[in-house]
Structures are given as structure tokens and as C-alpha cells.
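In what follows, chains are A, B, ... by sequence order, proteins preceding strands, each numbered from 1. Computed from a prediction, not measured in an experiment: that's the story for all the values here.
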There are 2 protein chains.
Amino acid sequence: MGSKTREMILKAARKAFSAHSYADVSMEDIAALAKVRKSLIYYYFPSKEDLFKEAWDEAFHELEDRVFGISEEDGKYMKKVKRFLRSYIDFLRNDRQSLRLIEREKTRFYSEKSQNWQHIKNKYDVFVQKVAGVISSETGKPAAEYARALTDIVGSSALLPEGQMSPDTIELIITKSIEH
Amino acid sequence: MGSKTREMILKAARKAFSAHSYADVSMEDIAALAKVRKSLIYYYFPSKEDLFKEAWDEAFHELEDRVFGISEEDGKYMKKVKRFLRSYIDFLRNDRQSLRLIEREKTRFYSEKSQNWQHIKNKYDVFVQKVAGVISSETGKPAAEYARALTDIVGSSALLPEGQMSPDTIELIITKSIEH
DNA sequence: TATTATATTGACTGAGTGGTCAGTTACTCA
DNA sequence: TGAGTAACTGACCACTCAGTCAATATAATA
């Protein structure tokens, strides 16, 4: 059940977690952003970790929908990889905040062992595998490492301040390095 | 003056700060690693921030030396950019821990306003500018954004677990995207 | 209106944190 | 040997933070 207050909290969490690292965001920060007392957050979410997980999941599903949910109709005359890359970069352009949230704690996946963090890590890994699938379906070659590099460069550019590295540049670099 | 104990603490700090984020590393952690009481750290370093700064500086100067300190003799027949890229990737290969430390808190540069963090940010920015200089000296075109992308992709790959994205792949991608 | 379920709060806890400091040990050199 | 200095310690402080909970306000319903 998505109560209005719950939504507000989740929205505030997404904003906070995309602007600062997990450790640097306190529950008080989120409460203040959502204009709510801290204790109320615990009425809707069992813990900080769970709140983060839900915020991350939300942002991540938006990314997945955007990048893999493109109907076959769209860009009929565009190659699969190009079409994919275009929507990925568009996501960077239009939903930078979500991408930030997704990317910010990437290194934590590998040190934290709790359920929530492993859940996130697994989802991300599957995503990278899917990206590799798209690429190798066109090049015919395995692309696991290449997909990792691709998601990494798009992701890290999202964490940079706006204007420091334009999505166009990213697209150019990736396109160049992918063709033949 | 570099006392033996001071060196030990610094070494422990470098290890800790390259394995976990600034916020996740406590002075107790570093003390334990260095086999020293926490209070002793404050005998040699005024604060956690200063300790981090010194650890970062050390690692960073190693990177600079390696990447820009190559004598003209070396690789006489290699193009400047290729030579530069080669040493950069070699640093990733051989001193991954240092590169991790350098890259890990990159996003913090932009939110923290204290002297120490700005010092770090400025040094890094100058580095990127130098990289841009190397590239544009050969291509003749401005390369600010490209340099930012390049350092970003090398840096972020250092944060990945070993073996997930090989330095060779990185080198290949960058080389491909740079030529022509 | 009285009763019950749902929302919301403020005051609190306990663990951990960066940092301080008075004091103790170990070393130096007159 | 003894005084002075450098290296080191343990106890402590102020503060932050995630999380708890009893108490209250609000809404729903009978």
C-alpha cells in the first residue's frame, strides 16, 4: 500500500541518496527533506538499509524499463546496439538523479554481505549481463568485460557535476570504441 | 620528519582508505591496522581529514610520477599519447591500491568545502588538464571532456574487484576511441 | 458518540565516532 | 645518574546516529 506519506519519504530518500553517499546520509536528513519526524520513517520502513534498497530498486527499474523496455517498433531502422545506447544515454541525460543513486554505492556491493546489498548487487550484475547480450548479439563476440566498462563509464559520468562531461562525449566514445 | 611509526600509520591509512570509503573507515580501524593506539595517530596527524589528505597525496604523486615522469628516452618510437596511456594502464595494473585511494572519494570533492578537500580536488583537476594537454598535443583538438572521461574510466575500473574488467580491455577501448 | 485502527510524535537508548589530555614510559645527552 | 624531551597510553568527552517505544493525535466506523 503506497500511502502518500510513504511516497514522500521514498522520494526524499531518493533525492538524498543520489546527492550523497549512503554513509553520509542520515535518517534525520531524509526526515527533514520529507518534512516528517525521523521516527515516522520507521513506521513505514524497517531500517535505513531497507529504505535504501527500495529507493535503489525504484530508480533501477526505471533504468531497466527505459533501456530494455523499448518496443521493437521504435527505431526500426536503427541497429539494436545503437538503439540501446541511445536510450541509455538518454536516461543519463533526463534521469541523472536516478542514475546517480544507482551508481553511487557500487563499490559497497562488494564489501557488504547483507541480504539487501547482495540483492542490489545481483540485480546490477544481471543488468550488465543483459547489456553484454545486446552487444554480443551484434558483434558475435563475447562482451562481458566490454559491458562492464560501458556501464561503468556511463555511471561514473553521472556522478560528475553536470556539465563536466557531456552525454554526447560519452556516446561518442562508446560508439567509436564499439564499431569494428 | 618521517619516523618509523608515522610511516606505519600512513601505510595503514592508505590500505584502509583504498579498501573502504572515507566515512566507513574509522580512526580505530587504522590504529588496529597499524598496531598502534588511536591516540597515537593524533600525535602525528592533526585530524582524520589531514591523515586522508596525506595518504591521498602520497598515492597521487606516485601516479603523477609514473604517468608524466617518463623520460623522453623511453619509448622513443611510441607516440606521446600511446606512451602516456601505457604508463597509466600500467599504474592501474601494478598500483591498483593507490589508484583506488585516489579515485574512491572523487564525488566528495564536489560537496566538501574544507581546505583539505579542495586541495585534493584542485590537484586532481590539474592532473586532468595535463592529460587533456597530452591528448590535444597530438590530435590538435581540445580534449578537456575526453580527458575527464579517460581518467574516469580508468579510475572506476580500479574500484571494481580485480578480474572483473581487465586493464587490457580498458586500454583497448580508449585506444580505439582515440584514434582518428 | 464511543470504539477501534491508523498515523505521527518526542523523548530516549546504546553503540560508535573523532578528538583531547593528563599522565606514563622510553630515550637522549649533559 | 638525573633532568629533559620525545613517544606513547588509557580514560574520557561531546556528539552523532540508527533504532525503539510509550504516548498521543487523527481518521474510520459502528
Side-chain angles (χ1 to χ4, degrees), chain A residues 1-56 101 104-105 108 111-120, chain B residues 1-56 101 104-105 108 111-120:
Chain A
M1 29 106 161
S3 96
K4 205 78 201 165
T5 312
R6 211 189 121 98
E7 300 294 332
M8 292 295 295
I9 294 170
L10 207 47
K11 196 179 157 193
R14 285 185 59 166
K15 193 172 180 181
F17 285 133
S18 66
H20 304 281
S21 78
Y22 180 77
D24 285 335
V25 171
S26 74
M27 294 300 262
E28 291 282 10
D29 293 338
I30 297 169
L33 260 177
K35 273 161 194 153
V36 150
R37 306 300 135 202
K38 185 179 64 164
S39 35
L40 188 56
I41 300 181
Y42 287 93
Y43 181 73
Y44 292 102
F45 302 92
S47 71
K48 184 185 180 184
E49 221 181 85
D50 284 272
L51 176 53
F52 178 86
K53 182 198 158 193
E54 199 157 327
W56 191 92
L101 168 49
R104 190 167 292 264
E105 294 299 318
R108 199 178 288 265
S111 51
E112 300 272 353
K113 299 293 170 205
S114 85
Q115 284 253 233
N116 286 331
W117 289 107
Q118 287 309 302
H119 161 97
I120 289 175
Chain B
M1 28 121 154
S3 95
K4 206 78 202 166
T5 312
R6 210 189 122 98
E7 299 295 331
M8 292 296 294
I9 293 171
L10 207 48
K11 196 179 157 192
R14 285 185 60 166
K15 193 172 180 182
F17 285 134
S18 66
H20 304 282
S21 78
Y22 180 77
D24 285 335
V25 171
S26 74
M27 295 299 264
E28 291 281 9
D29 292 338
I30 297 169
L33 259 177
K35 274 160 194 156
V36 151
R37 307 299 136 201
K38 186 180 63 165
S39 37
L40 187 56
I41 301 181
Y42 288 93
Y43 180 74
Y44 291 103
F45 303 92
S47 70
K48 184 186 181 184
E49 222 182 82
D50 284 272
L51 176 54
F52 179 85
K53 181 196 158 193
E54 198 158 328
W56 191 92
L101 169 49
R104 174 147 287 168
E105 294 299 319
R108 200 179 287 266
S111 52
E112 300 273 352
K113 299 292 171 204
S114 85
Q115 284 252 233
N116 286 330
W117 289 106
Q118 288 308 303
H119 161 97
I120 288 174

So, is Thr5(B) close to the dC8(D) phosphate, meaning a side-chain N or O under 4.0 Å from OP1 or OP2?
yes

Lys38(B) NZ to dA7(D) P, in whole Å, measures 21 Å

Does OP1 or OP2 of dC21(C) have a side-chain N or O of Tyr42(B) closer than 4.0 Å?
no

Which is more 5' along DNA chain D, the nucleotide nearest Asp24(A) or the one nearest Val36(B)? Just name the residue.
Val36(B)

Please report the distance, rounded to the nearest Å, between CZ in Phe45(B) and P in dT20(C).
15 Å

Taking 4.0 Å as the cut-off, does a side-chain nitrogen or oxygen of Arg37(B) come that near to OP1 or OP2 on dG10(D)?
yes

Could you tell me the separation between the CE atom of Met8(B) and the C1' atom of dA7(D), rounded to a whole number of Å?
15 Å

For atom CD1 of Ile41(A) and atom P of dC17(D), their distance in whole Å:
13 Å

Verify, without hydrogens or angle tests, whether Gln118(A) (side chain) and Glu112(A) (backbone) share a donor-acceptor contact under 3.5 angstrom.
yes

Rounded to the nearest Å, what distance is computed from the CD atom of residue Glu28(B) to the P atom of nucleotide dT16(D)?
19 Å

More 5' along DNA chain D: Tyr22(A) or Ser39(A), using each one's nearest nucleotide?
Tyr22(A)

Base dG19(D) paired with Lys48(A) side chain (donor-acceptor, <3.5 Å):
no

Atom CD of Gln115(A): over 12 foreign heavy atoms under 6.0 Å:
no

For Tyr43(B) and dC8(D), is the shortest distance between a side-chain N/O and OP1 or OP2 below 4.0 Å?
no

Lys4(B) NZ to dC8(D) P, in whole Å, measures 13 Å

When rounded to whole Å, the NZ to P distance for the pair Lys35(B) and dC8(D) reads 15 Å

Whole-Å gap separating P (dG19(C)) and CD (Glu49(B))
8 Å

For the side chain of Arg14(B) and the backbone of Leu101(B), is there at least one donor-acceptor N/O pair under 3.5 Å apart?
no

Aromatic ring pairing Phe17(B)/Tyr22(B), orientation class (parallel under 30°, perpendicular over 60°, tilted between):
parallel

Taking Arg6(A) for its side chain and Tyr44(A) for its backbone only, find out whether a donor-acceptor pair lies under 3.5 Å.
yes

